[in-house]
There are 2 protein chains.
Amino acid sequence: MATGTSDRILDAALASFGSRGYDATSLDAVAKQLDIRKQTILYWFPTKEALLGSVIERSATELAEAFEVGLEGAGEGWAKVEAVVRAVFRLASRRPELLALVREVARLGPPAATKMLLVLDPLVQRASSFLEAEMTAGRMRRHDPRLLLLAIYSTVIGMVTEVEVLRALGEEPTARSLVRRRADVLGLLRSALKTEA
Amino acid sequence: MATGTSDRILDAALASFGSRGYDATSLDAVAKQLDIRKQTILYWFPTKEALLGSVIERSATELAEAFEVGLEGAGEGWAKVEAVVRAVFRLASRRPELLALVREVARLGPPAATKMLLVLDPLVQRASSFLEAEMTAGRMRRHDPRLLLLAIYSTVIGMVTEVEVLRALGEEPTARSLVRRRADVLGLLRSALKTEA
DNA sequence: GTGGCCACCTACCAAATGGTAGACAAAATC
DNA sequence: GATTTTGTCTACCATTTGGTAGGTGGCCAC
């Protein structure tokens, strides 16, 4: 844990942007939480937007790393999809703020979304061409790879971040529930995508 | 188009809450868009929160109606799932603000989310027990009905409202694309859920 | 020890925000 | 015709917001 002030600011901002949302997060609130003054935040990050930018940059890098680690020695074919899904659920339990931020940034749109994509785009491309290859090899059902990716993204990110909907369905968002959700998603994706052969 | 002032306010607020988000929507902005004064809004709705409440109430009712209409004479079993998905995509093309609001309200959490759920809960219960019945009848693969519902919700709402992610994947959110997305979702759900028999 | 820089602070500020008080004209009620 | 009610407005207000200006103490190089 980096104890540098700027890192502490980034941590607190990440958490607040993810949970409360960017607009509902005031610099004063972040500062108060860290027991520093707002001007210290503005010393490290010239504007609130710049702070968001830095949060996104750092988070996107961490996300990318988590995926890489998850994919290390993950085998081929279907095992790769499973590895990625497992990586996301691992993040959901260890660093839920990261996924909440992804959700928030997707909602904010450009320029925030553009910035995040800049880092994540290589992964997206790899994922897309991987799916494409699996399909042409007949190991996965045919779909538009991009739409399939959106569907997978929505499902997984939803299962992991839609806490309110989860509650509405009468399921409490505990650690145990997360494991069940992971099993469910994997089961769903397997039967949706994998071909018999 | 209802020409009553309070209805016009509700329309504009719905659109802004859905697209910009609740926090980023100011009463002044809504008023300006309608060429009235903020105080007129506060005459019809005592506070901003109350305005959100009314927007939610009206939208939830409209949503519920849309589902009912979609389900009318929709046949049994899998046809029902298809009818619901089609109803959502019809809304996505005719009243996208409604779905954007659902997304925003889910993000805001209680008390807004609670209010929306109050109206939508019967539908949720019906859907849940429908899925349960289909599974015990062996017409659908076994899953936890609630988690399955969350997965379906996430996928469909995501395919319909995640415009930024869609763009990131290189697909423009046109009307034609919406039709393709609907076909894709239906295909995915069918192979994920339907049993062979 | 002193000059300079770094990290953080206090003191402000202008704009925007949700909300209150009350005037006023038109329409409805008697 | 007088009076009340309804809908909208102007005029304010307190608070919060992101951001500026500038000071201060500690530390390091010399």
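Below, read A as the first sequence line, B as the second, and so on, with proteins coming before strands; counting in each chain starts at 1.
Heavy atoms only, all atoms of each residue included: B:Ser154 and A:Glu162 are closest at OG-CG, 4.4 Å.
Nearest nucleotide to the side chain of B:Trp44, out of D:dG7, C:dA7, D:dG18: D:dG7. Listed nucleotides D:dG7, C:dC8, C:dT17 differ in distance to A:Tyr43; the shortest reach to its side chain belongs to C:dC8. When each of D:dG19, D:dC9, C:dT17 is scored by its nearest atom to the side-chain atoms of B:Asp28, the top-ranked nucleotide is C:dT17. For B:Arg37, taking side-chain heavy atoms from C-beta onward, the closest of the listed nucleotides D:dT10, C:dC8, D:dG19 is D:dT10. Taking only side-chain atoms of B:Thr5, from C-beta outward, the nucleotide of D:dT8, D:dT17, C:dG18 with the closest atom is D:dT8. Of the candidates D:dA11, D:dA21, D:dT8, the closest approach to any side-chain atom of B:Gln39 belongs to D:dA11.
Contact check on B:Arg181 versus B:Glu171 returns no salt bridge, with no Lys/Arg side-chain nitrogen under 4.0 Å from an Asp/Glu carboxylate oxygen.
The nearest whole Å value for the distance from the CD1 atom in B:Ile36 to the P atom in D:dT10 is 12 Å. One interatomic measurement links the two molecules: NZ of A:Lys32 to P of D:dT17, which rounds to 10 Å at whole-angstrom precision. Distance OH (B:Tyr22) to C1' (C:dT17): 12 Å, rounded to an integer number of Å. Taking atom CD1 of residue A:Ile9 and atom P of nucleotide D:dG18, one finds them 14 Å apart after rounding to whole Å. In this structure, B:Lys38 atom NZ and C:dT17 atom P are separated by 8 Å, rounded to whole Å. The CD atom of B:Glu49 sits 15 Å away from the C1' atom of C:dT17 (whole-angstrom rounding). Atom C1' of nucleotide D:dG19 and atom CG of A:Leu27 are separated by 9 Å, given to the nearest angstrom.
Using a 4.0 Å heavy-atom distance criterion, A:Thr25 is classed as a sugar-phosphate-only contact. B:Leu42 comes within contact range of at least one nucleobase, with a heavy-atom separation under 4.0 Å.
Two residues are said to be in side-chain contact when any heavy atoms from C-beta on lie closer than 4.5 Å; B:Ser177 and B:Glu172 fail this criterion.
If you check distances only, the side chain of B:Lys48 never reaches the base of C:dG19 with a donor-acceptor pair under 3.5 Å.
In this structure, CZ in B:Arg103 is found 4.5 Å from OG1 in B:Thr161, a value given to the nearest 0.5 Å.
Note on B:Ser26: a side-chain N or O is less than 4.0 Å away from OP1 or OP2 of C:dT17. The shortest distance between the side-chain N/O atoms of B:Thr40 and the OP1/OP2 oxygens of D:dG7 is not below 4.0 Å.
When atom types are taken as modelled, the side chain of A:Arg146 and the backbone of B:Gly170 share a donor-acceptor pair closer than 3.5 angstrom.
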